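Predicted, not measured: the structure shown is a model, and the values here were computed from it. One is the number of the first residue; the rest follow in order along the sequence.
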Amino acid sequence: MRDTHLQHLANDRFDVLIVGAGINGACAAAALASKGVSVALIDRSDFASATSQQSSNLAWGGIKYMESFDFSLVRKLCKSRNHLVRSFPSSVKEIRFLTTVSKGFRHHPGMLWAGSWLYWLMGNGQTRMPRFLRISDIHKRASIVDTREAHGGVEYSDAYLYDNDARFVFQFVQRAMHANARVANYVESLGAEHHDNGWKVRVRDVIHDRPFEIQARVLINAAGPWVDEHNRLSGETTEHHHAFSKGIHLIVPKLTDDSHVLAFFADDGRLFFVIPMGNRTCIGTTDTRVEHPHVDIDADDINFVLDNINKRLALARPLNRDDIIATRCGVRPLAVSKSNGKERDFLQLSRKHAIDTNRQHAHISIFGGKLTDCINVGEEILAEVQKLGIDVPYPESRWYGEPDEQEKQEFLRHAMEIGLDDLTPIDASEPLSQRLWRRYANDAHGLLESIVRDPRQAEPLIEGSEYLRCELQLAREQEMVTRLEDLLRRRDRISLVVSQEQLRHSPGLHEACEILFGDQAEARYAEYFGTSAVVT
């Protein structure tokens with residue numbers, strides 16, 4: 001599949017080439033290709049392999065921006081959140097946040113309660129109403145919270161991604177491919193030159209170390225944290241640039257059966273979350289200014305998260321490094337205007353996006369952004385491309401969202417007829433029918449047929465994960481899994497919920513390598529673990 005797309009990238013001429021397949025690039029590709037625009041999409045690593053795989057898995061309206069009086073941004077993000085919930089009801093779901101306020105905090109819980117009501121109104125009241133919480137209320141709802149230093153709290157609603165953030169991004173990439181976009185991961189842009197008839201972009205197939213060129217009328221730089229770097233390579237100047245904030249999360253064993261997101265204010269005053277994640281819990285985050293997008297997690301980051309969580313939860317014993325199953329570490333690219341970027345404190349910079357267009361060169365740069373606002377990014381890019389003279393053959397075609405309810409009910413009836421949910425593992429976070437529909441929509445009908453032929457296909461491939469055997473064949477055929485990490489980290493969240501030591505000794509992982517990579521199985525396994533291990 002990838003080889004076929006590479007051939008088209010080298011031989012065809014496109015209306016638009018998008019460099020970078022994070023959430024911004026993926027949505028731009030889906031929006032344009034679904035409307036009939038000829039689109040190429042490349043990423044120098046895998047799809048969603050940078051900022052888009054390091055989020056808190058939240059699709060929230062930005063309640064924290066109310067403290068800096070960014071009410072217009074909050075209103076916009078709340079509307080975007082509501083739109084996502086309506087459009088992706090199986091993937092983006094409302095969830096209650098329980099915020100505990102400690103004694104001595106800069107605001108009284110009553111003020112936060114009033115703010116939560118304003119937040120609810122800004123979201124058009126489309127979530128459950130907020131509630132003020134006394135200490136006894138907090139204890140009843142989440143007994144794991146240490147209330148000895150609490151002053152009160154607030155319960156309100158936002159939304160979260162039920163599945164992995166990278167999986168959500170990949171569904172937009174798939175949408176683009178289904179609409180005839182030419183797409184390839186591990187294709188690095190080496191810079192671009194503008195000519196009278198458009199752009200020539202020098203690229204390299206990272207997997208085979210082969211250089212070639214891609215030609216397009218319009219070039220969109222959606223390289224996430226590396227937007228500025230790619231603009232320098234292409235000789236483009238812009239009004240905006242990026243500042244960077246490093247954030248980390250730790251994945252630990254499931255701390256509570258409570259379904260809330262537990263929110264606190266960490267020692268540095270920022271919001272700090274305990275987020276349900278299937279049979280695991282995700283905790284974080286940090287906010288550290290850095291000068292470049294290449295970051296790693298360090299001892300200070302880990303200590304900060306562990307110290308804050310141990311102060312605020314009544315655990316049987318404090319969490320320590322041995323409890324960490326996996327880590328997430330990345331940068332938030334924050335859009336800064338050259339005209340006023342120095343006037344605002346770093347910690348108050350928001351995740352709003354900005355789009356800079358050079359109409360003379362037909363070049364577009366996307367700065368900032370977040371998962372919550374992704375549909376707006378796609379729509380705005382579509383409008384910008386039209387202004388650059390690109391024809392949009394199918395302006396009414398929809399480029400996002402799940403199939404309609406009738407199609408979903410047809411799948412669920414089929415799943416019920418074969419008794420699919422009766423095969424759901426006892427420790428699974430959701431019925432199998434819900435999982436397969438959410439991840440594959442109408443393509444899940446084929447998975448049902450494979451389970452009918454062989455019920456073993458409904459079993460988890462790797463112990464401790466929820467990834468099914470039947471999903472693996474579909475990944476091989478349709479999901480451009482090029483390296484083992486693509487499957488374990490981004491097409492699913494296996495490596496976030498199963499430790500590296502468990503993975504190394506998993507028979508299911510060896511089976512996956514054989515199915516995905518054939519005679520390259522041993523090399524891909526060794527590449528992932530950084531060893532010369534032999535697949536058996």
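Every residue two or more places apart in sequence or in another chain that forms a salt bridge (Lys or Arg N to Asp or Glu O under 4.0 Å) with R141 is listed here: E155. Partners of F170 under the ring-ring contact (aromatic ring centres under 6.0 Å, His included) rule, at least two apart in sequence or in another chain, are F47.
Within the 4.5 Å cutoff, side-chain heavy atoms of N279 are placed close to those of V497. Contact annotation: the side chain of E449 approaches that of H414 to within less than 4.5 Å [non-hydrogen atoms, C-beta and beyond]. In this structure the side chain of I324 never reaches within 4.5 angstrom of the side chain of I251, judged on heavy atoms. Looking only at side-chain heavy atoms (C-beta outward), L77 and M122 stay at 4.5 Å or farther from each other. In this structure the side chain of I355 reaches within 4.5 angstrom of the side chain of I364, judged on heavy atoms. Taking 4.5 Å as the limit, some side-chain heavy atom of R491 sits within range of a side-chain heavy atom of V481. Inter-residue side-chain proximity for V274 and V261 is flagged as unmet; no heavy-atom pair is nearer than 4.5 Å. Inter-residue side-chain proximity for Y65 and K352 is flagged as unmet; no heavy-atom pair is nearer than 4.5 Å.
A salt bridge links R490 with E485: the closest approach of a Lys/Arg side-chain nitrogen to an acidic carboxylate oxygen falls below 4.0 angstrom. Electrostatic pairing of R435 and D492 counts as a salt bridge here, judged by a charged N lying under 4.0 Å from a carboxylate O. A salt bridge links D158 and R81; the closest N-O separation between the charged side-chain nitrogens and carboxylate oxygens is under 4.0 Å. A salt bridge links K254 with D257; the closest basic N to acidic carboxylate O contact falls under 4.0 Å.
Distance CG/L516 to CD/E477: 11.0 Å, rounded to 0.5 Å. Atom CG of D486 and atom CZ of R524 lie 9.0 Å apart (nearest 0.5 Å). Here the CD-CD1 distance, from E459 to I451, works out to 10.5 Å after rounding to the nearest 0.5 Å. L509 CG to L484 CG: the interatomic distance, rounded to the nearest 0.5 Å, is 5.0 Å.
A donor-acceptor pair shorter than 3.5 Å cannot be found between the side chains of D43 and N185. In this structure, a donor-acceptor pair under 3.5 Å is absent between the side chains of T51 and Q54. A donor-acceptor pair shorter than 3.5 Å cannot be found between the side chains of Q500 and S495. For the residue pair R483 and S49, no side-chain donor N or O sits within less than 3.5 Å of a side-chain acceptor on the partner.
In K76, the NZ atom is crowded: over 12 heavy atoms of neighbouring residues, nucleotides or ligands sit closer than 6.0 Å. Within a 6.0 Å sphere centred on CD of Q478, other residues, nucleotides and ligands contribute more than 12 heavy atoms. More than 12 heavy atoms of other shown residues, nucleotides or ligands fall within 6.0 angstrom of atom CZ in R2.
Nearest approach of Y119 to C78, heavy atoms of both residues: CE1-SG, 3.6 Å. Closest approach of N376 and S80 over heavy atoms only: ND2-OG, 2.8 Å. Minimum heavy-atom separation, L84 to C374: CD2-SG, 4.0 Å. Nearest heavy-atom pair across A142 and L262 is CB-CD2, 3.8 Å. Across all their heavy atoms, V169 and A21 have their closest contact at CG1-O, 3.9 Å. The shortest non-hydrogen separation linking V92 to A59 is CG1-CB, 3.9 Å.
A donor-acceptor pair under 3.5 Å is formed between the side chain of T424 and the backbone N or O of L432. Counting only distance, with no hydrogens or angles, the side chain of T482 and the backbone of M480 share a donor-acceptor pair below 3.5 Å. Not a single donor-acceptor pair under 3.5 Å links the side chain of S55 to the backbone N or O of S52. The backbone N or O of L319 sits nowhere less than 3.5 Å from a side-chain atom of D323 that would complete a donor-acceptor pair. Remark: the backbone N or O of D163 is paired with a side-chain donor or acceptor of N57 at under 3.5 angstrom. Under a 3.5 Å cut-off, the side chain of T281 and the backbone N or O of L255 do form a donor-acceptor pair. Distance alone, capped at 3.5 Å, is enough to place a donor-acceptor pair between the R476 side chain and the I515 backbone. With hydrogens and angles disregarded, no donor-acceptor distance shorter than 3.5 Å links the side chain of R75 to the backbone of G123. Panel note: side chain T256, backbone D258; a donor-acceptor pair is recorded below 3.5 Å. Side chain of N24 to backbone of G368: a donor-acceptor contact under 3.5 angstrom is found.
A cation-pi arrangement is absent between R128 and W120, since the terminal nitrogen or guanidinium carbon is not both under 6.0 Å from the aromatic centre and inside a 45° cone about the axis. For the pair R438 and Y162, the cation-pi criterion (under 6.0 Å, within 45° of the ring axis) is not fulfilled.
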Worksheet item: Do T127 and E94 pass the side-chain hydrogen bond (donor to acceptor under 3.5 Å, both in side chains) test, and can you show the C-alpha distance, the side-chain angles, and the key distance before you say yes or no?
Response: CA-CA 7 Å; T127 61; E94 179 179 344; 4.7 Å; no
Worksheet item: Can S450 and R456 be said to form a side-chain hydrogen bond (donor to acceptor under 3.5 Å, both in side chains), step by step?
Response: CA-CA 9 Å; S450 70; R456 186 169 173 263; over 6 Å; no
Item to complete: Could you go through the side chain to side chain contact (heavy atoms under 4.5 Å, CB included) check for L496 and M277 one step at a time?
Response: CA-CA 10 Å; L496 291 178; M277 195 170 132; 3.6 Å; yes
Fill in: Check against side-chain hydrogen bond (donor to acceptor under 3.5 Å, both in side chains), Q457 and R469
CA-CA 5 Å; Q457 294 299 310; R469 292 183 181 279; over 6 Å; no
Practice prompt. For the pair H249 and S56, evaluate side-chain hydrogen bond (donor to acceptor under 3.5 Å, both in side chains) and give the outcome as yes or no after the intermediate values.
Written response: CA-CA 8 Å; H249 297 88; S56 298; 2.7 Å; yes
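Less than 6.0 angstrom separates the ring centroid of H83 from the ring centroid of Y400. Ring pair F273/F264: centre-to-centre distance not below 6.0 Å. Residues H353 and F367 place their aromatic rings such that the two centres sit no closer than 6.0 Å. For an aromatic pair to be called close, the ring centres must be under 6.0 Å apart, and Y525 with H510 satisfies this. Taking the six-membered ring for Trp and the full ring otherwise, the centers of Y156 and F97 sit less than 6.0 Å from each other.
Remark: of the listed residues V154, V74, L271, L271 is the sole one forming a side chain to side chain contact (heavy atoms under 4.5 Å, CB included) with I63. Partner N164 forms a side chain to side chain contact (heavy atoms under 4.5 Å, CB included) with one of Q53, R489, R439 and no other, that one being R489. Shown are Q406, R413, E407; of these, the side chain to side chain contact (heavy atoms under 4.5 Å, CB included) with Q409 is made only by R413.
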Using distance only, find each side-chain donor-acceptor pair of residues 31-39 under 3.5 Å and give its atom names and separation, not counting sequence neighbours.
| from | atom 1 | to | atom 2 | distance (Å) |
| --- | --- | --- | --- | --- |
| S34 | OG | A30 | O | 2.7 |
| K35 | NZ | P395 | O | 2.9 |
| K35 | NZ | S397 | O | 2.6 |

